[in-house]
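Encoded as structure tokens, the structure appears first; notes follow it.
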There are 4 protein chains.
Amino acid sequence: MNGLGPAAGDQLRTIVERIEHVEEEIRELTEAKKEIYVEAKSNGFDVKILREVVSLRKQDEKERDEHENLLDAYLHALSKPAAAAKAA
Amino acid sequence: MNGLGPAAGDQLRTIVERIEHVEEEIRELTEAKKEIYVEAKSNGFDVKILREVVSLRKQDEKERDEHENLLDAYLHALSKPAAAAKAA
Amino acid sequence: MNGLGPAAGDQLRTIVERIEHVEEEIRELTEAKKEIYVEAKSNGFDVKILREVVSLRKQDEKERDEHENLLDAYLHALSKPAAAAKAA
Amino acid sequence: MNGLGPAAGDQLRTIVERIEHVEEEIRELTEAKKEIYVEAKSNGFDVKILREVVSLRKQDEKERDEHENLLDAYLHALSKPAAAAKAA
DNA sequence: CACTGGAAAATGCCGC
DNA sequence: GCGGCATTTTCCAGTG
């Protein structure tokens, strides 16, 4: 016995194919992204700076989220009756 | 002067938006992929092995052989008692 | 009242300091480990394979066999044309 | 030929042993850390809160660092003559 | 084409 | 003992 049921082969094939399909789409989009950068470059943009801008916008967002999380964590810890208050 | 033409701002905005859109699609597909694995798991498949299967199908035979040869060489070198591991 | 005794603050401080101290030691060792790999690499070793060797030595034979059997079962199920993959 | 020099076996063994030694030390420290938490718990502390405290102290530090980094990044991007300023 | 940093995956730990 | 979470490890795109 191997832990697989009777019709496992078919199911397995379906699953693997679905995964491979999704991965193929991801690869295509990654390629598309690369091409956008190439096109931008050919229009005179500095690719490095461009990446930096995109990255900063992501980080800004993340920063904002983390702030909220941190705040929540503190509030949560403080709402606990005991040890948290001592620690503050 | 900065080396960019007059409507560079608009162009820049468009570019950044296109990139962010593509990245969003990639995120969604990555999420979809994760869900396929979760679903597979709930159907009794071993996710780790499943990933290994998908990964193996990506490598062509030659690469696989090369990898195994290299790994064998290391293991063999390790099993030798002393400095007898000549580069055969 | 919070369920902690009077000198809980001191105790807490001590505990937190001990934990942070241990974590610092772990960080240092992790760093040392990284350096060993870097050194090995600069001596011409393939780091990826090296990691694989170390990892293989961790698994005992039994686990390795079980893993291979399971992997074989999956690959076998995949190679079958239809739903013939009975749980043997 | 396999990419390994003549005395590779000895060198390899030494490297692997050093790595395994460091990993053993890390395991011991990780164990020690776990025991500190167990001990704390037996002294009436809430382990979950304790972890939260340790983690918050780490995050606080990181947050401060990241703030500086983010600020630096912006300043850096702005000091670039062209595209960055448009993006601001 | 080797290095680096950031994303994805594996592992280990905790509470149910 | 299983699923979710945090930590660690591995992988890969991007850069010089």
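These numbers were taken from a predicted model, which means no experiment stands behind them. Heavy-atom basis, side chains included; hydrogens, waters and symmetry copies ignored. Letters A, B, ... mirror the listed sequences (proteins, then strands); counts begin at 1.
Distance, C:L29 CG to F:dT8 P: 13 Å, rounded to whole Å. In this structure, CG of C:L50 is placed 11 Å from P of F:dT10, rounded to the nearest angstrom. In this structure, A:I36 places its CD1 atom 12 Å from P of F:dG14, rounding to the nearest Å. A:E23 has its CD atom 14 Å from the P atom of F:dC11, to the nearest Å. Between the CD atom of D:E52 and the P atom of E:dG15 there is a distance of 13 Å, rounded to whole Å. Between the CG atom of B:L56 and the P atom of F:dC11 there is a distance of 13 Å, given to the nearest Å. Distance CD1 (A:I49) to P (F:dT15): 12 Å, rounded to an integer number of Å. Between the CG atom of C:D46 and the C1' atom of E:dC1 there is a distance of 14 Å, rounded to whole Å.
Remark: A:E61 CD to A:R57 CZ distance equals 9.0 Å, nearest 0.5 Å.
Pairing each heavy atom of D:V22 with each of C:L29, the nearest pair is CG1-O, 3.5 Å.
Between C:I15 and D:Y37 the shortest side-chain heavy-atom distance does not fall below 4.5 Å. Here the side chains of B:R18 and A:E39 are in contact, with some heavy-atom distance below 4.5 Å. The shortest side-chain heavy-atom distance between C:V47 and C:V38 does not fall under the 4.5 Å cut-off.
Judged by distance alone, with hydrogens and angles left aside, the side-chain atoms of A:R13 form no donor-acceptor pair with the main-chain N or O of A:A8 at under 3.5 Å.
Each of D:V47 and B:V47 lies near DNA chain E, and the nucleotide nearest B:V47 is the one positioned closer to the 5' end.
Between D:K34 and the phosphate of E:dC13, there is a side-chain N or O to OP1/OP2 separation shorter than 4.0 Å.
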Could you list the protein-to-nucleotides 3-8 of chain E atom pairs, N/O on both sides, closer than 3.5 Å?
residue	atom	partner	partner atom	Å
E:dC3	OP2	C:K41	NZ	2.6

